[in-house]
There are 2 protein chains.
Amino acid sequence: MSQKVFVSAQEVADRAGVSRSAVSRTFTPGASVSPETRRKVLEAADALGYHVNHLARGLMRNESGIVCLIVSDMATPHRSGLIKALTEQLQSAGKIAMLVNTDLSDGSVDLALRQAIRYRADASIILSGMPDKSITQLCLKSGQRLVLINRDDEQDGPLRINLDDEEAASRVVTAFLRAGCRKFALANSEAGTPSLMAREKGFVAAARTHGLDVIVERYGWTSYESGRVLAQRLLTQSQRPDAVFCATDLLACGFMDAARNQFSLSVPNQLCVAGFDDIEQASWASYQLTTFAQPLATIAQEAVLWLDSKEGANSQGRAHAIRLHADLVWRGSVRGG
Amino acid sequence: MSQKVFVSAQEVADRAGVSRSAVSRTFTPGASVSPETRRKVLEAADALGYHVNHLARGLMRNESGIVCLIVSDMATPHRSGLIKALTEQLQSAGKIAMLVNTDLSDGSVDLALRQAIRYRADASIILSGMPDKSITQLCLKSGQRLVLINRDDEQDGPLRINLDDEEAASRVVTAFLRAGCRKFALANSEAGTPSLMAREKGFVAAARTHGLDVIVERYGWTSYESGRVLAQRLLTQSQRPDAVFCATDLLACGFMDAARNQFSLSVPNQLCVAGFDDIEQASWASYQLTTFAQPLATIAQEAVLWLDSKEGANSQGRAHAIRLHADLVWRGSVRGG
DNA sequence: GGCCATCTTGCAAGCGCGTGCAAATGCCGC
DNA sequence: GCGGCATTTGCACGCGCTTGCAAGATGGCC
């Protein structure tokens with residue numbers, strides 16, 4: 001029916017009175033085509049509503065321009081912020097993002113990567129659980145680049161971008177000490193991702209160097225609700241902590257709300273709270289959370305920069321790891337900023 | 001170099017000792033292939049790490065399986081929730097989402113749609129500003145389906161999914177009256193999107209039928225910060241309102257925070273507040289916002305359902321509009337729930 | 001005018017795949 | 001044993017595009 005669908009380069013060529021190659025070259029940056037021909041082609045293309053078929057182009061060039069974003073919990077403030085930053089950078093670099101949600105089934109990071117391979121994505125950026133070794137091998141063998149964000153691991157081949165979680169966590173200890181706190185607690189989820197564990201580890205270790213023990217509590221997945229539960233657990237301890245580091249802002253928000261509403265504690269007077277990620281809500285008046293800013297823009301930049309750079313010389317540079325610094329954002333949830 | 005890249009159907013065929021067609025048919029549901037051949041093919045494919053090239057398949061079938069999500073403000077709680085719901089439904093339906101961020105340049109919905117056309121997306125789902133008439137024409141002529149979510153408009157051809165914003169807004173009036181409020185205000189952004197305006201219109205109209213006037217204030221774009229500014233403006237009026245309907249939860253959160261911190265008003269005792277969207281933060285203890293739930297799952301379902309259904313009979317059903325109901329979620333920010 | 005260098009253009013091959021068509025195969029009943 | 005039928009298989013073409021190659025066009029210079 002109206003299934004005449006898309007107009008092809010041939011039709012443009014016919015209308016412009018040139019060969020199909022001329023049309024192709026007109027839309028290929030850097031190709032040799034005379035101004036006159038180019039004009040005729042562009043005119044015809046415009047009249048006909050022609051758009052280069054990137055599927056076919058990708059087939060020929062063996063490079064689709066597609067970058068696959070593999071992500072779980074994508075409605076989360078931090079994740080959606082990262083997705084936004086990545087799409088912006090990708091689009092500026094002339095690439096396009098394909099989005100795969102891994103919340104559906106288990107082990108679906110592998111499924112997602114397969115999807116990326118099917119569409120011959122130039123690269124996959126993973127913000128989700130760890131992919132199997134076997135599938136990452138497959139990706140690399142197929143010439144797919146791989147970027148792992150905030151999931152440090154022993155994989156080689158892909159680019160890994162991480163924050164210095166441990167070092168950042170140790171700075172929380174300094175902040176808490178300066179606020180005059182002495183009874184430290186750490187609230188974490190049970191997700192057990194490398195960055196979450198690094199924050200925990202860094203905090204506990206730094207406290208220990210000051211001769212302080214830390215009550216560590218883990219619960220559920222990384223959410224506001226878990227923060228509330230963690231507050232229940234930590235604030236009913238015989239030795240109630242006077243400073244708690246939440247591994248994530250989302251946890252911190254839940255924690256603070258429970259501390260205030262259910263335990264009538266005033267933050268920061270009776271309880272200091274710090275978080276991590278600097279999600280938008282951390283700056284809201286109700287929270288004023290002292291936290292660490294994820295350099296989203298920088299992360300995204302580094303990722304697509306690497307994708308572009310490796311385009312030419314891809315065999316030489318094997319694994320590559322980038323470790324970024326997280327800036328401490330002082331707000332009211334810790335005394336003495 | 002290691003640029004051997006992807007394995008093709010031919011290689012699988014060679015290894016399995018069959019023709020290339022047999023390989024193709026093995027991966028084409030419903031094609032005629034004997035169990036024995038199928039087994040050999042699958043074995044070879046697995047050994048070689050073969051994956052059907054969806055670029056080439058899309059080229060042949062004239063159907064890429066790609067659906068383009070065109071969205072602005074994607075890091076916003078409501079938008080990211082919608083994106084999540086959509087990707088889930090799309091993936092369950094065997095399709096894949098391509099994500100285009102329109103925050104970069106102006107008029108970029110058109111650019112985004114062009115991108116969708118280039119990749120021969122089967123459809124585009126728009127959660128951003130309105131596309132030009134000309135480009136939507138182009139989409140439809142090219143056999144691209146178009147879905148507009150929450151941006152009612154006179155466009156024909158595409159599927160339009162909207163909430164009954166006006167009716168919902170009128171229910172806020174009822175709720176406020178029941179709470180004993182009499183001085184109404186409405187806080188809106190200056191974005192002026194159809195759904196925002198419909199909420200405003202519905203609220204004002206319903207108030208008027210009860211003989212009540214509404215102080216309407218608009219400011220900035222739809223954000224937490226704007227909510228704070230709106231509070232500044234509305235709560236310094238000589239006749240301070242005792243009930244305010246914020247066109248969006250994000251505005252409501254900012255509004256509530258300012259009302260409490262800067263005006264020391266207690267919600268809901270001195271001021272009732274209602275919002276719209278039911279973002280996650282609306283349920284947080286600090287807000288407990290009475291609001292309307294966007295039926296995200298239903299919206300997403302309807303969208304992909306329509307995409308599938310139209311696959312066969314596409315010419316007959318012209319425009320199609322779906323109007324969904326928004327459930328009122330009672331929480332503590334309005335008295336007498 | 002002739003020659004060479006430079007630029008432009010068309011031809012044709014091929015990217016990886018789906019699919020119509022005809023040949024091949026297998027099976028059954030007579 | 002053979003014709004008829006259903007199923008499976010291979011061939012070959014085409015989807016829309018890029019690109020190497022060689023032919024054609026142009027112009028400068030002796």
Side-chain angles (χ1 to χ4, degrees), chain A residues 3-42 44-45 48-66 117-122 142-144, chain B residues 3-42 44-45 48-66 117-122 142-144:
Chain A
Q3 285 297 51
K4 178 54 209 39
V5 292
F6 295 94
V7 14
S8 73
Q10 184 62 66
E11 306 177 48
V12 177
D14 290 348
R15 184 183 232 264
V18 300
S19 78
R20 205 162 50 75
S21 336
V23 178
S24 179
R25 281 191 253 262
T26 301
F27 291 100
T28 302
S32 160
V33 75
S34 72
E36 171 61 7
T37 308
R38 158 176 240 95
R39 194 192 52 73
K40 283 193 290 185
V41 169
L42 287 178
L48 262 41
Y50 170 74
H51 292 268
V52 178
N53 186 333
H54 272 50
L55 266 43
R57 169 175 282 186
L59 198 55
M60 273 302 309
R61 292 223 184 129
N62 216 15
E63 159 180 326
S64 60
I66 297 173
I117 292 181
R118 287 200 199 95
Y119 279 97
R120 299 304 190 254
D122 296 337
S142 309
Q144 262 215 344
Chain B
Q3 284 298 51
K4 178 55 207 43
V5 293
F6 295 94
V7 15
S8 73
Q10 185 61 65
E11 306 177 48
V12 177
D14 291 348
R15 183 183 232 263
V18 300
S19 79
R20 203 173 50 72
S21 334
V23 178
S24 179
R25 283 191 250 263
T26 301
F27 291 100
T28 302
S32 161
V33 76
S34 74
E36 171 60 8
T37 308
R38 160 176 239 93
R39 194 192 51 73
K40 283 194 291 185
V41 169
L42 286 179
L48 262 42
Y50 170 74
H51 293 268
V52 178
N53 185 334
H54 273 50
L55 266 44
R57 169 175 283 188
L59 199 55
M60 276 300 311
R61 291 220 186 131
N62 214 16
E63 160 180 326
S64 61
I66 297 173
I117 292 180
R118 287 199 199 97
Y119 279 98
R120 299 304 190 254
D122 297 336
S142 310
Q144 262 214 345

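No hydrogens, no waters, no symmetry mates; every other heavy atom, side chains included, goes into these values. Just so we're on the same page: letters track the sequence lines, and every chain starts at 1.
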Please set out all donor-acceptor pairs under 3.5 angstrom arising from side-chain atoms of residues 52-60 of chain A, sequence neighbours excluded.
{"residue": "A/N53", "atom": "OD1", "partner": "A/L55", "partner atom": "N", "Å": "2.8"}
{"residue": "A/N53", "atom": "OD1", "partner": "A/A56", "partner atom": "N", "Å": "3.3"}
{"residue": "A/R57", "atom": "NH2", "partner": "A/F27", "partner atom": "O", "Å": "2.9"}

Quiz item: With respect to the phosphate group of C/dT8, does any side-chain polar atom (N or O) of A/S32 fall under 4.0 Å of OP1 or OP2?
Solution: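 For C/dT8, OP1 or OP2 has a side-chain N or O of A/S32 closer than 4.0 Å.
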
Quiz item: Which comes earlier along DNA chain C counting from the 5' end, the contact point of A/A56 or that of A/R25, where each point is its nearest nucleotide?
Solution: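 The residue mapped nearer the 5' terminus is A/R25.
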
When you get a sec, tell me which of [options] is the closest nucleotide to the side chain of [X]?
X	options	answer
B/A9	C/dC17, D/dT8, D/dT19	C/dC17
A/S21	D/dC17, C/dC11, D/dT9	C/dC11
B/R61	C/dC17, C/dG18, D/dC17	C/dG18
B/L59	D/dC15, C/dC17, C/dA13	D/dC15

Quiz item: For the helix from C/dG1-D/dC30 to C/dC30-D/dG1, how many degrees between its two end axes (five pairs per end), to the nearest 10°?
Solution: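 Between the axes fitted at each end of the helix from C/dG1-D/dC30 to C/dC30-D/dG1 lies an angle of 50°.
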
Quiz item: Taking N and O atoms by type only, does the side chain of B/R20 place a donor or acceptor under 3.5 Å from a partner on the base of C/dG18?
Solution: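 For B/R20, whose side chain was compared with the base of C/dG18, there is a donor-acceptor pair (under 3.5 Å).
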
Self-check item: From B/S34 atom OG to B/K40 atom NZ, the distance as rounded to the nearest 0.5 Å
Solution: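 Output value for this atom pair is 7.5 Å.
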
Quiz item: With sugar-phosphate meaning primed atoms plus P, OP1 and OP2, does B/V33 contact a base, only sugar-phosphate, or nothing at under 4.0 Å between heavy atoms?
Solution: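 Counting heavy atoms under 4.0 Å across all strands, the contact made by B/V33 is with sugar-phosphate only.
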
Practice problem: Determine the contact category for A/Y50: base if any of its heavy atoms lies under 4.0 Å from a base atom, sugar-phosphate if only primed atoms, P, OP1 or OP2 are that close, otherwise nothing. | Solution: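 Sugar-phosphate, no base atom in range.
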
Quiz item: Once you round it to whole Å, what is the distance between P of D/dG16 and CE of B/M60?
Solution: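 Going from B/M60 (CE) to D/dG16 (P), I get 10 Å.
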
